[in-house]
Amino acid sequence: MRGDATAVAFQFAGLALAPLVPGMIQMVKARLQGRRGASPLQPYRDLRRLWRKRVVAPHDTTFVYRMAPSLSAAALACALLIVPFAGSTNGWFGSDMLVLVGLLALARFATAAAAWDPGGGFSLMGAGRDLMFSVFAEPLLLLAFVLVALGAGSTDLVQMVAAAGHAHVASTPAHWCAALAFGLVVLVETGRQPIDNPDTHLELTMVHEGPLLEYAGRDLAMLQWTAAARHWLVLVLAASLFVPLPLTAPANVLALAAVVTAFCVAVAFVETSLAKMRILRVPVLLGIGIAVCVIGLASWIGGGAT
Amino acid sequence: MTTPTWVLVAGVAVAAAGIALSAAPRGLRAGLVLQALGVALIGIAGGLVLIDGAGVGSQFGNGLGPTVGVDALSGFFLVGVALVSTPALLYARGYLPGSHHAPAIAATSGVFVLALVGVVVARDAVTFLMTWELMSLAPAVAILLTSRTAETCRSVLVYLGSTHLAGVGVWLSMLTLAHLGAFTDPHALAAQPALVRSLLAGAALVGFGTKAGLMPLHTWLPRAHPAAPGHVSAVMSGMMIKVALYGLVRMLFEWLAPLPGWVAPVLLGAAALSCVGGVLYALMQHELKRLLAFHSVENVGIIGLGLAAALLLADAGQRQLAALAFAAAMLHTLNHALFKSLLFLCASSFQRQVGKLDLDRLGGLLRTMPLTGTAFLVGAMAIAGVPPFNGFASEWLTLQALVQLALHVGGGGTVMGALAAAALAATAALAVFCFVKVVGLVLLGAHRQKAVASSREVPASMTGPVIFLAGLCLAIGVVPGGVLALMRHLSPYGPLPAHTLRITLAVPGSGVFAPLAVAAFVAGCTAALQLARRRAGATAPSPMWICGQVPDSRLAWTSAGFTKSLRLVLEVVLRPQRSVSVERQGVIVHSSVHESHVPHLFDTLLFRPALGAVLAANRVLRRMQSGSLRAYLAYLLVTLAAVLTVVRLGVR
């Protein structure tokens with residue numbers, strides 16, 4: 001099923017709703033920590049404030065620096081328009097999972113390259129660490145995808161989402177291993193603790209926030225939206241791929257909203273209860289994820305592929 | 001004679017005239033243009049055959065007389081040779097004048113390109129081997145004409161040594177195949193014992209794999225490529241290693257059938273090692289051309305993954321998917337030829353304007369050399385495999401092929417496919433890491449030395465070719481389906497399913513990928529956001545935030561600094577070495593020197609011990625060569641006695 005009008009509407013709504021996800025996580029986190037915290041709408045207020053400001057840029061920067069925020073936002077917008085809703089997607093960009101990996105890489109390339117333009121040490125430290133994580137996170141993401149694709153028999157996201165609803169797929173150990181691995185991917189891509197601390201104000205410990213350090217005004221607004229879109233992308237994917245949701249339009253969206261909210265609470269809970277890891281320990285954690293995926297593969301073969 | 005034949009003959013004639021003209025002292029530029037024109041004609045001939053699918057000239061024969069011919073596969077590689085060599089030869093027009101032995105280098109590069117053409121159109125073992133050796137020797141001549149420092153001579157020695165190693169495998173496999181008549185009779189090999197077929201396949205893998213730069217046989221590649229003159233290194237990295245792959249493809253998909261079962265998994269393993277190892281060592285390099293050379297190892301690995309997937313899928317009876325995997329490998333072959341020659345040509349332009357290509361001593365070249373810089377940026381994004389450039393299109397197809405291998409070939413296929421796909425994903429992430437580093441250190445930021453600050457854009461004869469190549473990288477990235485449609489006669493497994501060949505790519509069992517729509521959306525969205533950004537008012541300049549310190553160029557980040565986190569994580573594998581020496585008088589430190597490098601473990605752990613063993617054996621054997629006449633007479637006598645004894649005993 002492609003080109004469904006409701007799916008298209010929800011995909012575009014996702015572009016607007018994405019900042020709600022980090023807002024919700026921040027609110028739940030504040031409550032868990034005994035603070036009142038800001039409203040979940042706070043990211044929108046931040047975006048409005050930033051959008052009104054002039055752009056400030058360091059001396060002697062090139063178009064690589066100036067274009068990076070727009071390019072990453074565009075790549076993530078494209079990715080969001082690929083993720084299926086209610087069992088269908090618009091057919092404009094296709095519906096393949098591997099394209100998502102490429103678009104995330106494009107956004108990463110743009111922001112990390114831009115960190116070199118002002119050449120500040122803090123930005124580069126963050127960019128280098130982010131890229132180092134990606135070296136382990138990308139195979140992890142791919143293996144998780146492959147495990148799901150094995151069950152679905154296709155790398156088409158629409159079919160992969162549909163397969164999550166089938167009991168014979170959702171009940172395989174391979175699927176659970178994939179879910180576990182995808183949980184780690186969620187933490188890496190969203191830059192949440194224990195991988196990274198989104199609330200840090202200490203430049204030395206920044207990972208995802210590091211390359212954003214020099215940006216201001218509308219540039220920063222685009223980058224903050226990009227980060228929010230990345231939250232939306234991975235959480236919606238996690239909900240669609242690993243939770244059997246109804247595939248008809250209104251029920252799907254309500255269930256999806258509930259599951260994503262639950263995931264936000266879970267992320268906030270993880271972030272409250274775990275301290276940030278040493279950066280050099282993160283690859284070990286991701287490596288464990290890869291090992292889990294390999295176990296999933298073995299279980300798939302052992303279980304006799306359907 | 002048919003049209004392609006005429007065009008091909010005309011092209012070779014024009015190119016040969018160009019070689020002769022360029023060797024004359026005053027005809028350098030005109031000669032190079034003629035050479036480029038001739039190669040372009042050859043490429044057109046190849047393209048005609050590729051699109052038409054019907055071959056011209058002879059078929060492969062077992063005889064020893066010289067025969068030539070072009071079929072679809074040869075046509076494809078002719079197009080590749082032309083797409084890389086024409087810009088490279090035109091580039092040489094601006095690059096060569098003024099350098100030592102310019103006419104000789106120009107003539108050598110023409111001979112080199114014609115040798116590549118010769119290997120591809122050869123239709124008998126002798127012509128193939130002759131042009132193969134010529135192809136190997138020509139770059140060595142070009143390197144030695146450029147520079148004769150001790151280091152270059154050593155690189156050439158290693159290169160020639162590896163070429164010999166490759167030659168053994170190639171000669172053995174080609175001549176044996178001719179002897180067995182396997183070029184004409186596809187069933188000739190099936191009658192041979194398994195051991196013979198395994199030995200043949202092993203010889204072919206080592207021979208062509210060495211020349212292609214597959215790990216662990218790649219050690220010559222990062223030495224030879226940086227030493228060659230700019231346009232020759234572009235053709236070497238762009239096409240010479242691809243011509244080796246051409247040989248490998250002929251062997252694996254035509255001549256060696258039925259393949260022994262171990263070949264495809266071994267190729268897959270070596271290819272995965274090449275991908276990850278190549279890019280990992282590239283990341284640790286500090287010299288631009290050496291870094292690019294390691295990336296060739298990586299990309300040959302990616303192509304190898306596609307080829308191995310094709311073999312495995314075909315074995316399992318999935319011919320349509322095998323055709324897809326094969327197409328992925330061929331598309332990546334073309335793509336890598338384009339972006340790698342683009343990057344090498346740009347690097348040579350930088351070298352011309354700045355001097356050395358030490359990554360930590362460049363910086364900010366995008367501002368002083370905007371055209372070359374932008375083309376380099378396009379090449380970097382293409383090789384890093386980010387959409388919408390051509391590298392992503394073929395890596396996407398290769399990943400699809402591997403995932404389909406996991407999906408459709410149960411058991412071992414699932415494990416191999418999934419793990420190889422994960423290795424390719426890690427490779428892609430590492431390539432992004434590496435080219436973010438390269439783009440940052442070369443193009444962006446502050447100038448790190450005076451020569452960079454005073455550098456200027458190179459003349460149009462050197463920017464034109466790289467802009468052309470950059471345009472091709474974007475075009476193929478946006479409409480890969482169109483290019484695949486032109487390549488439809490290439491696959492040994494029959495044509496690709498029709499719906500893969502449209503503007504959107506759709507592999508059976510995958511989602512659709514619409515590269516044109518993705519590119520248009522991302523470009524449009526970026527443009528709109530840029531406009532919105534401008535409407536906020538003029539950009540206010542500000543200093544960079546470094547906690548209130550005064551910016552100091554000596555604090556600028558280096559290549560080693562940027563990759564430090566990964567180097568620490570992979571310390572066990574990479575074994576980096578560092579040394580710190582501090583010179584002090586009393587308590588006052590006068591100077592401190594910090595040195596660190598990542599040794600190339602294949603050299604230190606594999607090749608050096610192997611070389612040591614060979615040399616030790618040689619020392620033992622040298623005792624036999626005493627130079628004394630009596631000893632030699634004794635050897636003769638003993639040999640004669642042995643032969644007579646053997647004959648007497650009747651051993652045959």
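Order of the sequence lines fixes the chain letters, A, B, ..., with proteins taken first and strands second; residue numbering starts at 1 for each chain. Keep in mind the model is a prediction, meaning the values are calculated, not measured.
- B/R533 and A/V55 make their closest contact through NH2-CG1, 3.5 Å (heavy atoms, listed as atom of the first residue, atom of the second, distance).
- When heavy atoms are compared at a cutoff of 4.5 Å, B/A428 approaches chain A by way of both its backbone and its side chain.
- Put simply, the residue from B/V522, B/V518, B/L516 that forms a side chain to side chain contact (heavy atoms under 4.5 Å, CB included) with A/F93 is B/V518.
- In terms of non-hydrogen atom pairs under 4.5 Å with chain A, the most contact-rich of B/V569, B/V386, B/T526 is B/T526.
- Not counting sequence neighbours, A/R129 has no partner by the salt bridge (Lys or Arg N to Asp or Glu O under 4.0 Å) test.
- Listed options A/A115, A/G121, A/G119 were ranked by heavy-atom pairs under 4.5 angstrom with chain B; first place goes to A/G121.
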Which is it for B/T539 and A/V56 under the side chain to side chain contact (heavy atoms under 4.5 Å, CB included) test, yes or no, and what are the steps along the way? CA-CA 5 Å; B/T539 305; A/V56 179; 5.9 Å; no
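- In this structure, B/T374 OG1 and A/F63 CZ are separated by 4.5 Å, a value rounded to the nearest 0.5 Å.
- Contact of B/A426 with chain A is made through backbone and side chain together, with heavy-atom distances under 4.5 Å.
- Neither the backbone nor the side chain of B/R567 comes within contact range of chain A, judged by heavy atoms closer than 4.5 Å.
- Between the side chain of A/D117 and the main chain of B/G445, a donor-acceptor pair closer than 3.5 Å is present.
- The contact between B/A532 and chain A is made by backbone and side chain atoms together, counting heavy-atom distances below 4.5 Å.
- Within the 4.5 angstrom heavy-atom criterion, only side-chain atoms of B/L366, from C-beta onward, approach chain A.
- Separating the CZ atom in B/F562 from the CG atom in A/L131 is a distance of 5.0 Å, to the nearest 0.5 Å.
- Here the CG-NZ distance, from A/L280 to B/K564, works out to 9.5 Å after rounding to the nearest 0.5 Å.
- Here the shortest heavy-atom pairing between B/L570 and A/F136 reads CD2-CZ, 4.2 Å.
- In terms of heavy-atom pairs under 4.5 angstrom with chain A, the leader among B/P387, B/A421, B/P541, B/C525 is B/P387.
- For chain B, the option among A/M67, A/K53, A/H59 with the highest count of heavy-atom pairs below 4.5 Å is A/H59.
- No side-chain donor-acceptor contact under 3.5 Å links B/R367 to the backbone of A/T62.
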Going through the checks in order, is the side chain to side chain contact (heavy atoms under 4.5 Å, CB included) test met by A/V294 and B/L419? CA-CA 8 Å; A/V294 173; B/L419 292 185; 4.1 Å; yes
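- Of the inter-residue distances, the one linking A/L98 atom CG with B/T398 atom OG1 reads 11.0 Å to the nearest 0.5 angstrom.
- A distance-only check finds a donor-acceptor pair linking the side chain of A/R54 to the backbone of B/A538 [under 3.5 Å].
- In terms of heavy-atom pairs under 4.5 Å with chain A, the best-connected choice from B/L441, B/L402, B/V439 is B/L441.
- For CZ of B/R534, the number of neighbouring non-hydrogen atoms (other residues, nucleotides, ligands) closer than 6.0 Å is 12 at most.
- Closest heavy-atom contact between B/A514 and A/W92: CB-O, 3.3 Å.
- Put simply, the side chain of B/L566 does not reach to within 4.5 Å of the side chain of A/F133, judged on heavy atoms.
- Taken to the nearest 0.5 Å, the CE atom of A/M125 stands 4.5 Å off from the CH2 atom of B/W557.
- Put simply, the side chain of B/V432 does not reach to within 4.5 Å of the side chain of A/S134, judged on heavy atoms.
- B/L377 touches chain A through its side chain: at least one heavy atom from C-beta onward sits under 4.5 Å away, while N, CA, C and O do not.
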Donor-acceptor contacts under 3.5 Å from residues 68-75 of chain A side chains, at least two apart:
| unit_1 | atom_1 | unit_2 | atom_2 | d |
| --- | --- | --- | --- | --- |
| A/S70 | OG | B/Q530 | NE2 | 2.7 |
| A/S72 | OG | A/A68 | O | 2.6 |

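- Among the candidates A/V135, A/V146, A/I82, the residue making the largest number of heavy-atom pairs closer than 4.5 Å to chain B is A/V135.
- Side-chain contact between A/D96 and B/W396 is present, with heavy atoms from C-beta onward closer than 4.5 Å.
- B/F513 contributes atom CZ, which lies 12.0 Å from atom OG1 of A/T155 (distance to the nearest 0.5 angstrom).
- Top candidate by heavy-atom pairs under 4.5 Å with chain B, chosen from A/M97, A/R108, A/R66, A/R52, is A/R66.
- Side-chain contact between B/T563 and A/M132 is absent, with no heavy atoms from C-beta onward closer than 4.5 Å.
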